[in-house]
Novice: 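Before we start, here is the structure in question, set down as C-alpha cells.
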Amino acid sequence: MKRLPRVAVIITIVTIVLAGLVVAFVPLSQGLIERWSQRDLELRSGLVFRSIRDRVEQAMAGQPADLAPLFERFTSDERILALGLCDASGQMVVATGQMPKVITCGAIGDVGTAPARAVRFAVFNNSGNRVIVGGFPVGNGTPRGRLLIVHELRFVADRVLEARWYLIAGALALILLAGTLAALTVILLQRRLMNSVLATINDLREGQPRSLVKPIVPPPPVTTEIRSLLRDFREKIRLEDGSPVEWSPKTLHDLLDNELPDTEVFVVSNREPYIHNHAEGGIVVQRPASGLVSALEPVMRACGGTWIAHGSGTADRDTVDGSDHVQVPPGNPAYRLRRVWMTDDEQEGYYYGLANEGLWPLCHIAYVRPIFRESDWQQYVAINQRFADAVVREATRPDPVVMVQDYHFALVPRMIRQQLPKATILTFWHIPWPNAEAFGICPWKEEIIEGLLGSTVLGFHTRSHCNNFFDTVDRYMESRIDREQASVTLGGHETMVRPYPISIEWPPAAMEGQAPVAACRQAVIARYHLPADIRIGIGIERFDYTKGILDRLRAMDDLLTRYPEWLGKLVFIQVVAPTRSKLASYATLQDDAIRLTAEINERHGGEAYQPILLVIRHHEPDEVYELFRAADICVVSSLHDGMNLVAKEFVASRDDEGGVLVLSRFAGASSELGEALIINPYDIHGMSDAMHRALSMSEVERRERMHLMRAHVRERNVYRWAGQILLDASRLRKRQKVADFEAGNGL
Ligand code: F6P
C-alpha cells in the first residue's frame, strides 16, 4: 500500500463510493419507476378517453350497450385490461369481459356531483396483480356517467426488476473499470518509476550525477515513493560499495560472471605463487613470503585465468609443459601459472638492480640511498617487454583483463596497451608512492610514469599515495589531471587512479587444521624449550630494512631495561625470511640483526634465558599462523610500508580474540586497524612503552580491540579488494564500449 501511487488510491476510493451510491439507489429507483410508470398510464388512459369520448357520449344518449364491441377492441392493447361505463346512477352498464370484480362504479367515486367531473385514478389489487383504474366523466350535461379504463400494473414491477439488475450490473462494471484503471495506473507509474530509478542507479553507479545526464524522456515527478525507492537503491549501491557485502570467492566469481562475462584474466607479477625447488627427497613446492602472493593467490583461485611470473625455483623448468605452463595449486588446480625465464644477468639488472636497489628505496623512505644504473634500466626495459609480450602471446582475445602487479613492471601497462589497445589493464602498486620531490631523483621518472599511465586503472593502497602520484605527474608530465574524477589523461588515454587497500583472504586457508590457541602455544613452547608460563612476543617478515627489525630489537632491549619485571618472563621470537640477500643493504641488515640480538641476549639473558630468538628461515603459512596463535603480542614496526599484510594475518589468526597488535603508524594497515597500539618505530621508548602496555592489557580490552579488528579484516578482505578493482574495470569497459560505438568503431 505504501508504494501504491496516490492517484491509483484516489481512483479506487472514488469508484467504491460511486458503486456504493449506485447500489443505494436501487430501492429508491423502485418508487421512482413506479411513479413514472403510473403517470405514463394515466396519460395513456387520457388519450384513450379522448379518442372515444364522443362515441361514448352518443351511446349514453341512446343504446349504451352498443359500445361493447368498441370497448372489446381496445382491450386488445396488451396493457389495457378492461373498459367499463358507469351511468349517472352508479351502475356499470357496459363492461368488457376482463373487468375485475373489485372494480365497481362506486369504488371510483360519485359520478353525479360536480366534483365528480374530475378525472380520478385509483390502484386496486386484482387477485395479487395490481391494476390502475382511471375514471373519466362522460355525458356533457345530464345524465352524467363515468368511463372506467383499467390498466395492468404488472409490467411496472417487471420494469423495476429489470432496472434493478441494470443498476447492479452498472455498479459492478464501474468497479471493474475503476479497478482496471487503478491497476493500469499503478503499472504504468511503477514502470516509469522503475525506469527512472534504474537510470538513476546506473548513473550513480557510473559515478555520474543524474543532473548531468541529458534526459530523453522527461523524468516523472519525484514522489514520496520515488524518493523511498531511491533510498533503497542508494542503500544497495552502498552495500555494493561498502562493507556489509560478504565478500567471498563466490562473490568474486559471480561478479566476474555477471560484470565481466567471458573475460580472459591475467595476473602479471615478478614473484610466482608456487616455486618448485629440488630438495633431497625430490621436488618440493614452496609458497613465497610475499604479501602480493598471499593477496593475489586466493583471488586467482576464485577467478581462474593465467598468472604470468618469473620462474625462479630450481625445479621450475622441470615442472612446466612445452608452453611453460603448470596448473596450480598443486593437487587442486584452479588456474594456470605461466613461467617466464630470465638469465642471472637479467635478474641482476632488472630485479636486484633497478627494482630493488633503485625503485624500492626510492619509494620507501627508509633512508637507504637508491642506486640507479643505466645497465639496470636497460635490463628492466627488456624484461618488462618480455612479460608484456608473454601476455600478448597468451591472450586469445583482443580485450583481456590484465592485472599488472607492482614496481617490477612499471612499463608493462603501456607495452601491453600498444599491442592490445582494447585490453583492460589494472595495475596495482604494492609499495608506497613517495612525494614528487623524492620521486624526482629517478633518472627515468617520465618513462615510469608514462608506462604506468598505459593502465586503465592504477591502484595504490592509500589515498595519500594517490595524491603523491598526482603531484608527481603534475610536476613532471604534460598531462591533464582531473582530481575530482581521480584520473590522469596522457596522450588521449585516461587512467583512473584510485586507492584500493589490499587485504587477505577470509577465512585464511592457513587457519584450516590449526590447533586451538592453547595447543599452538604448547607446541611453540616445546619447540623453543621455553618455560610453560612464558609470555611470547612475535615478529614475522622478510628480512627487509623497511620493516624496522633493528628498531624492534632495540625496543625489546629498552623494555627489559626500563621494565625489568619482564626479565625472564618474556621472549620475543623474531622470524625472518631471507630475501634479496645478494644486495649489500640486505646483507648488512642480516649481520646487524644477528649482532644486535646477540648483544641484547647477553645483556639481559644467560644460558637459561634468551630474551630474543632470531629465527632466520622461510616459514610456510601454517607455521606462521601457529606462531601468531601462540603469541601474546605481535609487533609490526615498519619504517614505511604500503599496507603490511602481516598485521592483518595476525588479526585473522586470533579466532580466540586474544593477542595484542603493536603497529607502526607508517604502515598502510594503521589507517584501517585503529584498535592496534599505534607506534612510531623511530621512537624506541614509545615502542617499548607500547609493548609493555600490550603485555599488561586486561583481557576485556584485549578482546574488545581484537574483536573490532577482526570484524574489519573479515569485511574488507582481499575478495573485496579485487572485487572493487574489477567493478571499476567493468564500468570503464562498458563506458569504453559506448565511446567506441559513438565513435563509429562498433561494439
Ligand atoms: O611489498 C612489495 C612486494 O612486492 C610485496 O608485494 C611482496 O610481499 C614483496 O615485495 C616481495 O618481495 P620479493 O618478491 O622481492 O621477495
Side-chain angles (χ1 to χ4, degrees), residues 267-275 277 286-300 307-313 316 339-340 342 347-366 368 376 380 383 387 403-410 412 427-434 459-462 465 500-505 540-549 575-583 585-587 589-590 616-619 621 624 636 638-649 664 666-669 718 721-722:
V267 164
V268 180
S269 76
N270 172 70
R271 189 61 63 199
E272 58 183 340
Y274 293 92
I275 305 173
N277 281 322
Q286 185 192 320
R287 302 279 309 273
S290 156
L292 179 158
V293 169
S294 355
L296 262 293
E297 211 278 330
V299 171
M300 281 302 271
W307 187 325
I308 302 175
H310 172 212
S312 58
D316 275 355
R339 285 176 171 145
V340 174
M342 59 183 87
Q347 197 183 358
E348 201 71 44
Y350 140 80
Y351 173 77
Y352 287 109
L354 200 282
N356 287 316
E357 281 193 297
L359 295 178
W360 180 269
L362 176 75
C363 292
H364 290 92
I365 314 291
V368 170
D376 291 348
Y380 186 84
I383 294 296
F387 274 79
M403 302 173 81
V404 179
Q405 306 301 311
D406 232 349
Y407 61 101
H408 308 92
F409 295 125
V412 164
T427 304
F428 194 79
W429 194 260
H430 288 256
I431 61 177
W433 190 276
F460 294 95
H461 289 300
T462 66
H465 296 158
Y500 302 96
I502 205 167
S503 195
I504 57 169
E505 64 180 322
I540 304 183
E541 52 256 303
R542 288 181 308 106
F543 223 148
D544 197 296
Y545 54 80
T546 60
K547 303 295 178 188
I549 297 167
V575 170
V576 268
T579 178
R580 308 171 193 169
S581 318
K582 278 188 177 181
L583 299 180
S585 46
Y586 287 80
L589 170 68
Q590 290 202 24
I616 308 175
R617 77 165 170 86
H618 174 79
H619 283 61
V624 170
V636 172
S638 308
L639 304 179
H640 202 183
D641 220 332
M643 173 54 69
N644 193 291
L645 293 183
V646 165
K648 293 189 175 180
E649 285 171 346
S664 163
F666 304 122
V718 77
W721 171 79

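Excluded from the calculations below are hydrogen atoms, water molecules and symmetry mates; all remaining heavy atoms, backbone and side chain alike, are included. It should be emphasised that the depicted structure is a prediction, and the values quoted were computed from it without experimental measurement. Ligands are counted one by one from 1 in listed order, and the atoms in each one are counted from 1 as well.
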Novice: Does an N or O anywhere in Y351 fall below 3.5 Å from an N or O of ligand 1?
Specialist: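 Yes, there is a polar N/O contact under 3.5 Å.
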Novice: So which heavy atom in the protein is nearest atom 8 (O) of ligand 1, and how far is it from that ligand atom?
Specialist: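 For atom 8 (O) of ligand 1, the nearest protein heavy atom comes out as G291 N, 2.5 Å.
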Novice: Taking all heavy atoms of M643 and all of P501, pick out the closest pair and write down the distance.
Specialist: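 The answer is CE-CB, 3.6 Å.
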Novice: Under 4.0 Å from ligand 1, counting heavy atoms only, is it the side chain of F543, its backbone, both or neither?
Specialist: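 Near ligand 1, F543 shows nothing, with every heavy atom at 4.0 Å or more.
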Novice: Mind listing the closest non-hydrogen atom pair of P434 and L362 along with its distance?
Specialist: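 Where P434 meets L362 most closely, the heavy atoms are CG-O, 3.6 Å.
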Novice: Donor-acceptor pair, distance only, cut-off 3.5 Å: does the side chain of H310 make one with the backbone of E272?
Specialist: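 Between the backbone of E272 and the side chain of H310 there is no qualifying donor-acceptor contact (under 3.5 Å).
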Novice: I'd like to know whether R580 forms a side-chain contact (heavy atoms from CB on, under 4.5 Å) with F543, so could you lay out the CA-CA distance, the side-chain angles of the two residues, the decisive distance to 0.1 Å, and finally the verdict.
Specialist: CA-CA 8 Å; R580 308 171 193 169; F543 223 148; over 6 Å; no
Novice: Hey, is ligand 1 close enough to D406 that some N/O pair sits below 3.5 Å?
Specialist: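 Checking ligand 1 against D406, an N or O pair does fall under 3.5 Å apart.
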Novice: Can you pull out the closest protein heavy atom to atom 16 (O) of ligand 1? Residue, atom name and distance to 0.1 Å, please.
Specialist: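 Answer, as residue, atom name and distance: R271 NH2, 3.3 Å.
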Novice: Write out the residue and atom name of the closest protein heavy atom to atom 12 (O) of ligand 1, then the distance separating them to 0.1 Å.
Specialist: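 The closest heavy atom on the protein side is R580 NH2, 2.8 Å.
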Novice: Which of the numbered atoms in ligand 1 are under 4.0 angstrom from any heavy atom belonging to I431?
Specialist: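 The list of qualifying atoms is 1 (O), 2 (C).
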Novice: With T546 as reference, evaluate H640, E541, H364 under the side-chain contact (heavy atoms from CB on, under 4.5 Å) test and give the passing residue.
Specialist: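 When H640, E541, H364 are each tested with T546, the side-chain contact (heavy atoms from CB on, under 4.5 Å) holds only for H364.
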Novice: Ignoring hydrogens, what is the shortest heavy-atom contact between A647 and A669? Give both atom names and the distance.
Specialist: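 Heavy atoms only, the tightest pair is CB-CB, 4.3 Å.
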Novice: Work out which heavy atom in Y274 is nearest to a heavy atom in R339; give both atom names and the distance.
Specialist: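 Smallest heavy-atom distance, with atoms named: O-NH2, 3.0 Å.
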Novice: Below a 4.0 angstrom heavy-atom separation, can you tell me which part of Q405, side chain or backbone, both or neither, approaches ligand 1?
Specialist: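 Answer for Q405: neither.
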Novice: What is the closest protein heavy atom to atom 6 (O) of ligand 1, and at what distance does it sit?
Specialist: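 Residue, atom and distance for the closest contact: L292 CB, 3.0 Å.
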Novice: Classify the contact between T579 and ligand 1 as side chain, backbone, both or neither, using a heavy-atom distance cut-off of under 4.0 Å.
Specialist: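 Contact part for T579 vs ligand 1: side chain (C-beta onward).
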Novice: Write out the residue and atom name of the closest protein heavy atom to atom 7 (C) of ligand 1, then the distance separating them to 0.1 Å.
Specialist: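 Answer, as residue, atom name and distance: S290 OG, 3.4 Å.
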Novice: Considering the options Y407, Y351, Y586, Y352, which one meets the ring-ring contact (aromatic ring centres under 6.0 Å, His included) requirement together with W360?
Specialist: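 Testing W360 for a ring-ring contact (aromatic ring centres under 6.0 Å, His included) against Y407, Y351, Y586, Y352 leaves exactly one candidate, Y407.
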